[in-house]
2 protein chains.
Amino acid sequence: MMLVTASPATADLASQLRIGVTRLARRLRLEGDASVTPTLLVALATIERHGPMTAGELAAHEQVRKPTVTRLIGALLERGMIERTSDPLDGRVTWVQLSPEGRRFLQRVRRRKDEYLSGRLRRLTPGELDTLERASALLERLTEDDR
Amino acid sequence: MMLVTASPATADLASQLRIGVTRLARRLRLEGDASVTPTLLVALATIERHGPMTAGELAAHEQVRKPTVTRLIGALLERGMIERTSDPLDGRVTWVQLSPEGRRFLQRVRRRKDEYLSGRLRRLTPGELDTLERASALLERLTEDDR
DNA sequence: TATTGTTATACTCTATAACTATA
DNA sequence: TATAGTTATAGAGTATAACAATA
């Protein structure tokens, strides 16, 4: 390993991690229920975890811009996964929450999670799974408190 | 942790990992040198690591379809990062390799890698960095021998 | 016929800028 | 004026299907 920059260890790791994450994200985009992409699935799971939330809150949680959230909400509405209501006190505010269909869908998806990624994870040793488990938490922390 | 499916540990982990990877990939797509996106950068690094390779080999390594590689190669050519030649023995085959400019660019990018991701990695402890380092290797293995 | 790569087309995800509606 | 969200537009990344060139 060449050590030439100020922080070689993290620079090297950044490169390696970027490659791994980019590739896996691309694969994930192709797998799973074709009707709901990984992006929509993550948004739906956020709405489930958080409970009823405004479009702006969803944007903040997903770390995307408001127009993107408009599209996400539209796509989830089209699929009947969420319900949208206006705030009775502030007409500018839109609330979204899981629909019963969305809840069932998430359960179904989770039951089917033993697909691409889980199948691949099963090839790993318990120690490797442990590494990935701790790494997932770190990945989430890496994207927190952003912008 | 709820244990209800056939392989609960991996199913849970799959979900967690998918969320982390999807979010970080989205962030990475927005960072870095605006002239070369993470996708192009990964492709360029593959060409560097591998040395001269055919378009088909690049598709296999990047795990994308041939039309996608056509576009990747076009984008890298436009930016002067690679050179393209025809195989003298088999006219169907296209070879690509790093140009001097591409090589300099990669060096420059690496020197500048102490940006978004590296900066965030520095907030982690040595133990956490070690976890991520082992995890990056695992992420690459997860997308190997596919399709 | 089979293989390598390109072209045509379409979809997803994202952004910025400009806008509407409401406060 | 300021804020929440939408519309318009554009660009990156990917795919499948159909094609051209070569073997």
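Given the structure is predicted, the values throughout are model-derived calculations rather than measurements. Residue numbering restarts at 1 for every chain, and letters A, B, ... go by the order of the sequence lines.
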Check whether B/R120 reaches the backbone of A/L142 with its side chain - one donor and one acceptor, N or O, closer than 3.5 Å.
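Answer holds: yes.
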
How is [X] classified with respect to the nucleic acid when contacts are heavy atoms under 4.0 Å: base, sugar-phosphate, or nothing?
X     : answer
B/R26 : sugar-phosphate
B/L89 : sugar-phosphate
A/I73 : nothing
B/T94 : sugar-phosphate

Could A/R23 and B/E62 be called an ion pair, given the rule that one side-chain N must be under 4.0 Å from one carboxylate O?
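Salt bridge present between A/R23 and B/E62.
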
Strictly below 4.0 Å, N to O, side chains only: are B/E48 and B/R110 in salt-bridge contact?
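Salt bridge flag = yes for B/R110 with B/E48.
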
Please state how far atom [atom1] in [X] lies from atom [atom2] in [N], giving the value in whole angstrom units.
X     : N      : atom1 : atom2 : answer
B/L76 : D/dA12 : CG    : P     : 13 Å
A/R71 : D/dT9  : CZ    : C1'   : 15 Å
B/L28 : D/dA12 : CG    : P     : 18 Å
B/L58 : C/dT4  : CG    : P     : 14 Å
B/D87 : D/dA23 : CG    : C1'   : 12 Å
A/L72 : D/dT6  : CG    : C1'   : 14 Å

A/L106 pairs by side-chain contact (heavy atoms from CB on, under 4.5 Å) with which of A/I47, A/L41, A/V36?
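Single side-chain contact (heavy atoms from CB on, under 4.5 Å) partner of A/L106 among A/I47, A/L41, A/V36: A/L41.
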
Among [options], the one nearest [X] by side-chain distance:
X     : options               : answer
B/R65 : D/dA15, C/dT16, D/dG5 : D/dA15
B/K66 : D/dT14, C/dT4, D/dA4  : C/dT4
B/T37 : D/dG13, C/dT12, D/dT6 : D/dG13
A/P67 : C/dT4, C/dT14, C/dA17 : C/dA17
B/D90 : D/dA23, C/dG5, C/dT14 : D/dA23
A/T68 : C/dA15, C/dT16, D/dA4 : C/dA15
B/R92 : D/dG5, C/dT4, C/dA23  : C/dT4

Residue whose closest nucleotide on DNA chain D lies nearer the 5' end, B/G91 versus A/W95:
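Of the two residues, A/W95 wins.
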
Please compare A/T22 and A/A55 by the position of their nearest nucleotide in DNA chain D and report the one closer to 5'.
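Of the two residues, A/A55 wins.
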
Residue pair B/S86 / B/V93, side-chain heavy-atom distance below 4.5 Å:
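A side-chain contact is absent here, since even the closest heavy-atom pair is not under 4.5 Å.
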
Is any side-chain heavy atom of A/E101 less than 4.5 Å from a side-chain heavy atom of A/R79?
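Not touching, per the 4.5 Å side-chain cut-off.
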
Is there a side-chain polar atom (N or O) of B/T70 under 4.0 Å from OP1 or OP2 of C/dG5?
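Answer is no, no contact under 4.0 Å.
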
Phosphate oxygens OP1/OP2 of C/dT6: is one of them under 4.0 Å from a side-chain N or O of B/R84?
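Yes, such a contact exists.
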
